Colleague: 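Can you read through this structure? Questions will come right after.
If you're wondering where the values come from, they're calculated on a predicted model, not measured in any experiment.
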Amino acid sequence: MTAQIQYADVEVGTELPAASFPVTRATLVRYAGASGDFNPIHWNEKFAKEVGLPDVIAHGMFTMAEAIRVVTDWTGDPGAVVEYGVRFTKPVVVPNDDQGALIEVSAKVAAKLDGNRVRVDLTAMSAGQKVLGMSRAVVQLA
């Protein structure tokens, strides 16, 4: 696959379509099975509270993966992401109810780079708090 977005068609400040990603306890159990990360802070409410967390929290890598979906959906090619990094600033708290939590992600082109690449800065929020800091991706465009 190749990115469907043309470098010439993108300007600094271009906003990518925002997206929201629901997270439930069932989502966390499925992710734990797929990733092999069975840390009880991600599924055991009693344990999470005993170690000082407000409740069960989403895996950091899961949160990171959900956020980058805004970029991969925009480019049409997950392989277009050549660099990606974040700082985990706040946990995504996932209550034990029918709604769970919501990760809301927005992104915009922050810089045009050499070689048809752009830097995209992402903002990921949950429950009104920024959950990822310094969330940036370098993307290879067509």
Colleague: Report yes or no: do Leu122 and Met61 belong to one cluster of Ile/Leu/Val/Met/Phe/Trp/Tyr joined by side chain heavy-atom distances under 4.5 Å?
Modeller: yes
Colleague: Which atom pair, heavy atoms only, marks the closest approach of Ala101 to Pro95?
Modeller: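 Smallest interatomic distance, heavy atoms only, reads N-CD, 4.3 Å.
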Colleague: Can you name the closest pair of heavy atoms from Asn116 and Ala142 and give their distance?
Modeller: ND2-O, 3.5 Å
Colleague: Side chain of Tyr84, backbone of Met64: donor and acceptor closer than 3.5 Å?
Modeller: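 It does hold such a pair.
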Colleague: Going through the checks in order, is the side chain to side chain contact (heavy atoms under 4.5 Å, CB included) test met by Val118 and Tyr7?
Modeller: CA-CA 8 Å; Val118 296; Tyr7 180 81; 4.0 Å; yes
Colleague: Considering only residues two or more places apart or on different chains, which pairs with a residue in residues 83-103 satisfy salt bridge (charged side-chain N to carboxylate O under 4.0 Å, His left out)?
Modeller: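 Matches after skipping sequence neighbours: none remain.
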Colleague: Measure across Ala137 and Ile68 and return the closest heavy-atom pair with its distance rounded to 0.1 Å.
Modeller: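 Looking at all heavy atoms of both residues, the shortest contact is CB-CD1, 3.8 Å.
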Colleague: At their closest point, which heavy atom of Pro91 faces which heavy atom of Val131, and how far apart are they?
Modeller: O-CG1, 4.0 Å
Colleague: Using side-chain contact (heavy atoms from CB on, under 4.5 Å) as the criterion, point out the one residue from Thr75, Val109, Asp77 that pairs with Leu141.
Modeller: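 Going through Thr75, Val109, Asp77 one by one, the side-chain contact (heavy atoms from CB on, under 4.5 Å) with Leu141 is satisfied by Thr75 alone.
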Colleague: So Val71 and Val139, do their side chains get closer than 4.5 Å, heavy atoms only?
Modeller: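 Side chain of Val139 against side chain of Val71, heavy atoms only: contact under 4.5 Å found.
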Colleague: Taking all non-hydrogen atoms of both residues into account, name the closest pair between Val70 and Ala107 and its distance.
Modeller: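 Heavy atoms of Val70 and Ala107 come nearest at CG1-CB, 4.1 Å.
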Colleague: Connecting only ILVMFWY residues whose side-chain heavy atoms lie within less than 4.5 Å of each other, what is the rest of Leu113's hydrophobic cluster?
Modeller: Val82, Val138
Colleague: Between Val105 and Phe88, is there shared hydrophobic-cluster membership here, with clusters defined by ILVMFWY side-chain heavy atoms closer than 4.5 Å?
Modeller: yes
Colleague: Name all residues meeting the side chain to side chain donor-acceptor pair (under 3.5 Å) criterion together with Asp37; count only those two or more places apart in sequence or in a different chain, and write none if there are none.
Modeller: none
Colleague: Which pairs with one or both residues in residues 123-142 pass side-chain hydrogen bond (donor to acceptor under 3.5 Å, both in side chains), sequence neighbours excluded?
Modeller: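 Matches after skipping sequence neighbours: Arg117-Gln140.
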Colleague: Without placing hydrogens or testing angles, list every side-chain donor-acceptor pair under 3.5 Å for residues 21-32, not counting sequence neighbours.
Modeller:
| from | atom 1 | to | atom 2 | distance (Å) |
| --- | --- | --- | --- | --- |
| Thr24 | OG1 | Ala26 | N | 3.3 |
| Thr24 | OG1 | Thr27 | N | 3.2 |
| Thr24 | OG1 | Thr27 | OG1 | 3.0 |
| Arg25 | NE | Val94 | O | 2.8 |
| Arg25 | NH2 | Glu45 | OE1 | 3.4 |
| Arg25 | NH2 | Asp55 | OD1 | 2.7 |
| Arg25 | NH2 | Val94 | O | 3.1 |
| Thr27 | OG1 | Thr24 | N | 3.2 |

Colleague: Hey, quick one: are Leu132 and Met125 part of the same hydrophobic cluster, counting side-chain heavy atoms closer than 4.5 Å, chains of contacts allowed?
Modeller: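 Leu132 does not cluster with Met125.
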Colleague: Given a cutoff of under 4.5 Å between side-chain heavy atoms of I, L, V, M, F, W and Y, with clusters grown through shared members, what are the other residues clustered with Trp43?
Modeller: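 None; Trp43 is a cluster of one.
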Colleague: Check side-chain contact (heavy atoms from CB on, under 4.5 Å) between Ala110 and all other residues, then give those that pass, not counting sequence neighbours.
Modeller: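 If we apply the side-chain contact (heavy atoms from CB on, under 4.5 Å) test to Ala110, skipping adjacent residues, the hits are Arg119, Asp121.
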Colleague: Could you list all the side-chain hydrogen bond (donor to acceptor under 3.5 Å, both in side chains) pairs where at least one residue sits in residues 56-74, not counting sequence neighbours?
Modeller: Glu66-Arg69
Colleague: Output the rest of the hydrophobic cluster of Phe47: all Ile, Leu, Val, Met, Phe, Trp and Tyr residues reachable through side-chain heavy-atom contacts under 4.5 Å, sorted by chain and number.
Modeller: Ile41, Val51, Leu53, Ile57, Val93
Colleague: If a pair satisfies salt bridge (charged side-chain N to carboxylate O under 4.0 Å, His left out) and one of its residues is in residues 2-14, list it, with sequence neighbours excluded.
Modeller: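 Listed once each, the pairs would be none.
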Colleague: Sequence neighbours left out, what pairs pass salt bridge (charged side-chain N to carboxylate O under 4.0 Å, His left out) with at least one residue falling in residues 103-112?
Modeller: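 Checked against salt bridge (charged side-chain N to carboxylate O under 4.0 Å, His left out) - neighbours excluded - no pair reaches residues 103-112.
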